[in-house]
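Here the structure is a predicted model, which means the values were calculated and not measured.
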Amino acid sequence: MNKDNIQFSSGPLDEQLQGALSAGLESHSKAQQAPTYDKERLNWTLQNERGELVAALTADLLWDWLYISELWVDESCRGTGMGKHLMNLAETHAVDQNLSGLWLWTQSWQAADFYKSQGLEEFTRFDNFPAGHSRIGLRKTLVK
């Protein structure tokens with residue numbers, strides 16, 4: 001292989017290249033006897049009487065951890081305990097499924113203190129991502 005033949009592009013890979021990449025990663029994981037990569041999307045949503053989304057928590061269940069992907073509460077519902085309720089529903093689901101814990105990323109301008117009040121602890125921080133701010137990793141280990 002000639003390193004000078006490396007091609008650069010932006011945007012998603014075409015379907016054929018993505019398929020080859022995924023197959024290569026899966027083959028390597030199998031050779032290393034890694035657990036199967038079976039990710040499941042879970043969603044808790046609330047709509048108002050007009051059918052408009054006013055609160056949502058989306059999560060990915062992978063291996064035995066629940067990754068909180070998105071938590072959003074509309075201004076009309078903020079201060080009502082809706083965010084805490086959604087987090088409690090996700091945690092209850094994790095406990096019921098005998099998962100090891102919950103984890104998420106947030107930004108320094110978002111809800112780090114809220115998540116800490118829900119029992120999550122900071123496990124990593126990337127400062128200046130973006131400049132002047134931090135990306136914060138939080139997790140909560142569940143007792144089995």
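Checked against ring-ring contact (aromatic ring centres under 6.0 Å, His included), W63 has the following partners two or more places apart in sequence or in another chain: Y37. In this view, E52 and N48, R50 satisfy the side-chain hydrogen bond (donor to acceptor under 3.5 Å, both in side chains) rule, not counting sequence neighbours. Taking the side-chain hydrogen bond (donor to acceptor under 3.5 Å, both in side chains) definition, one finds that R41 meets it with T58, D60, sequence neighbours left out. Remark: A20 pairs with no residue by the side chain to side chain contact (heavy atoms under 4.5 Å, CB included) rule, at least two apart or across chains. Qualifying side-chain hydrogen bond (donor to acceptor under 3.5 Å, both in side chains) partners for Q47, counting only residues two or more places apart in sequence or in other chains: none. Qualifying side-chain hydrogen bond (donor to acceptor under 3.5 Å, both in side chains) partners for N88, counting only residues two or more places apart in sequence or in other chains: none. Residues that satisfy the side chain to side chain contact (heavy atoms under 4.5 Å, CB included) test with S117, not counting sequence neighbours, are F114. Qualifying side chain to side chain contact (heavy atoms under 4.5 Å, CB included) partners for Q7, counting only residues two or more places apart in sequence or in other chains: none. For S22, the side chain to side chain contact (heavy atoms under 4.5 Å, CB included) partners are Q18, not counting sequence neighbours.
Atom-to-atom distance recorded for L86:CG and N43:CG is 11.0 Å, nearest 0.5 angstrom. Between the NE2 atom in H85 and the OG1 atom in T92 there is a gap of 9.0 Å [rounded to 0.5 Å]. The structure places NE2 of H93 at 6.5 Å from CG of L66, a figure rounded to the nearest 0.5 Å. Distance check: L61 CG to Q97 CD gives 7.0 Å after rounding to the nearest 0.5 Å. I68 CD1 to T106 OG1: the interatomic distance, rounded to the nearest 0.5 Å, is 12.0 Å.
When the shell of 6.0 Å around CD of E49 is examined, it contains more than 12 heavy atoms from other residues, nucleotides or ligands.
Closest approach of A90 and L102 over heavy atoms only: O-CD2, 4.2 Å. Summarising the geometry of A94 relative to L142, their closest heavy-atom pair is CB-CD1, 3.5 Å, with the distance given to 0.1 Å. Nearest heavy atom pair, residue L53 against residue A55, reads CD1-O, 3.4 Å. Of all heavy-atom pairs spanning V54 and S76, the tightest one is CG1-OG, 4.3 Å.
Using cut-offs of 30° and 60° on the angle between ring planes, the pair Y67 and W103 is tilted.
Between W65 and T141 there is a side-chain heavy-atom pair separated by less than 4.5 Å. Within the 4.5 Å cutoff, the side chain of Y115 has no heavy atoms near those of the Q110 side chain. Here the side chains of L57 and L89 are not in contact, with every heavy-atom distance at 4.5 Å or above.
Applying the salt bridge (Lys or Arg N to Asp or Glu O under 4.0 Å) test to pairs two or more places apart or on separate chains, those with a residue in residues 88-100 are E91-K140. Pairs passing the salt bridge (Lys or Arg N to Asp or Glu O under 4.0 Å) check and including a residue from residues 9-38, sequence neighbours excluded, read E26-K30.
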Donor-acceptor pairs under 3.5 angstrom involving side-chain atoms of residues 118-130: please list them, not counting sequence neighbours.
unit_1: E122; atom_1: OE1; unit_2: K116; atom_2: NZ; d: 3.4
unit_1: E122; atom_1: OE1; unit_2: R125; atom_2: NH2; d: 2.9
unit_1: E122; atom_1: OE2; unit_2: R125; atom_2: NE; d: 2.9
unit_1: D127; atom_1: OD1; unit_2: S134; atom_2: OG; d: 2.8
unit_1: N128; atom_1: OD1; unit_2: G132; atom_2: N; d: 3.1

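Under the 4.5 Å side-chain heavy-atom criterion for Ile, Leu, Val, Met, Phe, Trp and Tyr, L138 and W72 are members of distinct hydrophobic clusters.
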